[in-house]
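As the structure lists them, so they are numbered: ligands from 1, and atoms in each ligand from 1. Note: hydrogens, waters and symmetry copies are ignored here, and every other heavy atom, side chains too, is used. A quick note: this is a predicted structure, and the numbers were derived from the prediction, not measured.
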Amino acid sequence: MSAQIIDGKAFAATVREKVAGHVARLKEENDITPGLAVVLVGEDPASQVYVRSKGKQTVEVGMNSYEHKLDVDTSEADLLALIDKLNNDPEVHGILVQLPLPGHLNEDLVINSIDPAKDVDGFHISNVGLLGTGQKSMVPCTPLGCLMMLRDHHGSLSGMDAVVIGRSNIVGKPMAQLLLGDSCTVTIAHSRTKDLPEVVKRADIVVAAVGRPEMVPGDWIKEGATVIDVGINRIDAPEKGEGKTRLVGDVHFESAAAVAGAITPVPGGVGPMTIACLLANTVTACCRANGLAEPEGLTA
Ligand code: NAP
């Protein structure tokens, strides 16, 4: 293996430390405590784990955490009424509605009812438009985490060839916008892309956000490229015992690490950065809401 491992777990700890420092200053100098409200509808086990983890980390950096757990059959009107209340609550600086929502709720409608200034997930159409036009916005957490790691590793990304595999609204598209904003030459690949291996081979930076276990092998990667693996896939691991599983990314780690210059592991790469960036977005939103200088290095 030749690639440098980009340690997302350690990097996320430094982001959280920065956030905690800023929260402490906001409390001391301005008597303001940033607050994050997380809304969970239903009892999806994975969502429950995420929400618990978000709440715990929010409190750990000194912010207020407000958890709203609603029944699976909550009506759209009741959910919108709660969001309206949170939009108007000055103690709440960030609002996150955990996705996916139960099928009877219109996700777009719900997300677009959040005050864009409190939309710490960055999914509101106003924030999508602001990001797309290079204006100050709330930036989606996972791609923001990827950008932070890339900037930390390379310094300037200007002029680099970047290929983003995946065009989802939550990862692929905002990732591409962020890389473009940092003056990369960006290609967005997807399931209809012709000759994907050749496309990937051109890239100085590869961001894989596909959701297919180990789809990108090392022989697609240009020597020395930086590989950011967003994928989180659970696969069978009979070598660990009967019925056991393990997590892998969208990139075949061993073969890619043999040619890449740097690579994020799964787990321990992009994953931990996502919640750290949620906390960063909340402190940024709080500063903006109060007309205060926002912390440096915590947004795009
Ligand atoms: P998604 O909405 O399912 O999008 C997947 C994208 O991959 C689509 O654009 C799809 O293309 C493309 N794709 C599928 N098969 C392909 C193929 N054979 N070749 C090229 N492109 C292909 O997924 P997502 O929400 O963006 O998530 C992607 C992965 O990231 C998942 O593993 C997810 O668990 C993980 N994730 C991790 C974090 C984190 O915190 N680390 C956060 C979010 C997501 P089409 O558009 O043409 O269908």
Side-chain angles (χ1 to χ4, degrees), residues 5-13 15-16 38 44-47 49-54 57 96-101 107-108 111 120-123 128 131 138-150 162-179 186-203 206-217 219-221 227-235 245-253 256 263-281:
I5 304 300
I6 300 178
D7 184 345
K9 203 171 162 204
F11 197 87
V15 173
R16 286 197 302 272
V38 177
D44 177 70
S47 294
V49 172
Y50 290 138
V51 167
R52 213 173 307 135
S53 188
K54 284 167 187 170
Q57 293 190 34
L96 179 148
V97 177
Q98 184 66 43
L99 302 178
L101 288 172
E107 270 184 15
D108 288 338
I111 296 304
V120 281
D121 249 345
F123 296 159
V128 175
L131 179 63
M138 295 308 304
V139 178
C141 303
T142 300
L144 177 58
C146 298
L147 182 77
M148 282 185 186
M149 290 193 286
L150 284 166
V163 171
V164 179
I165 318 175
R167 55 174 162 179
S168 72
N169 290 335
I170 62 166
V171 189
K173 283 181 199 155
M175 186 74 247
Q177 294 288 4
L178 289 170
L179 292 166
V186 183
T187 303
I188 308 177
H190 46 78
S191 66
R192 309 293 173 89
T193 296
K194 282 190 209 148
D195 206 354
L196 186 59
E198 274 311 302
V199 172
V200 174
K201 196 87 186 177
R202 294 202 296 262
V206 180
V207 180
V210 186
R212 286 176 169 252
E214 300 178 323
M215 188 192 87
V216 179
D219 58 8
W220 291 14
I221 306 291
V227 178
I228 305 289
D229 191 351
V230 182
I232 302 178
N233 310 288
R234 192 163 281 286
I235 62 166
T245 60
R246 66 189 174 99
L247 288 182
V248 295
D250 291 339
V251 176
H252 185 267
F253 183 81
I263 187 167
T264 59
V266 178
V270 176
M273 286 297 288
T274 298
I275 297 185
C277 287
L278 173 68
L279 306 176
N281 276 348

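For ligand 1, the atoms closer than 4.0 angstrom to any heavy atom of Val270 are 41 (N). For ligand 1, the atoms sitting less than 4.0 Å from at least one non-hydrogen atom of Asn233 are 32 (O), numbered in the order shown with element in parentheses. For ligand 1, the atoms sitting less than 4.0 Å from at least one non-hydrogen atom of Ile170 are 25 (O), numbered in the order shown with element in parentheses. Residue Gly166 approaches ligand 1 through these ligand atoms, each under 4.0 Å from one of its heavy atoms: 6 (C), 7 (O), 9 (O).
In this structure, Gly271 has a heavy atom closer than 4.0 Å to ligand 1. In this structure, Ala189 does not count as a contact residue of ligand 1, since none of its heavy atoms falls inside 4.0 Å of the ligand.
Of the candidates Thr142, Val216, Leu278, Val210, Val210 brings a heavy atom nearest to atom 16 (C) of ligand 1.
Note that the CG atom of Asp108 and the CG atom of Asn169 stand 8.0 Å from one another [nearest 0.5 Å].
The two atoms that bring Tyr50 and Gln98 nearest to each other are CD1-NE2, 3.8 Å, heavy atoms only.
With respect to atom 44 (C) of ligand 1, the closest heavy atom belonging to the protein is Val171 CG2, 3.9 Å. In this structure, atom 35 (C) of ligand 1 lies nearest to the protein heavy atom Val230 O, 3.4 Å. Nearest to atom 1 (P) of ligand 1 among the protein's heavy atoms is Ser168 CB, 4.1 Å. What sits closest to atom 46 (O) of ligand 1 on the protein, heavy atoms only, is Arg167 NE, 2.7 Å. Scanning the protein heavy atoms around atom 10 (C) of ligand 1, the nearest turns out to be Ser191 N, 4.3 Å. For atom 40 (O) of ligand 1, the closest heavy atom belonging to the protein is Thr274 OG1, 2.8 Å. Here the protein heavy atom with the shortest distance to atom 34 (O) of ligand 1 is Ile232 O, 3.5 Å. Atom 29 (C) of ligand 1 has as its closest protein heavy atom Gly211 N, 3.6 Å.
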For the pair Val216 and Ile221, evaluate side-chain contact (heavy atoms from CB on, under 4.5 Å) and give the outcome as yes or no after the intermediate values. CA-CA 8 Å; Val216 179; Ile221 306 291; 3.9 Å; yes

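Here the rule is side-chain contact (heavy atoms from CB on, under 4.5 Å) with Leu147, and of Leu178, Val207, Thr142 only Leu178 fits it.
The proximity of Met273 to ligand 1, defined as any non-hydrogen pair under 4.0 Å, does not occur for either the backbone or the side chain. At a heavy-atom cutoff of 4.0 Å, ligand 1 is contacted by no atom of Thr193, backbone or side chain.
Around atom CZ of Arg234, more than 12 heavy atoms belonging to other residues, nucleotides or ligands sit under 6.0 Å away.
Close N/O approach between Asp250 and ligand 1 is not found [any backbone or side-chain N/O within under 3.5 Å].
Remark: the backbone N or O of Val171 is paired with a side-chain donor or acceptor of Ser168 at under 3.5 angstrom.
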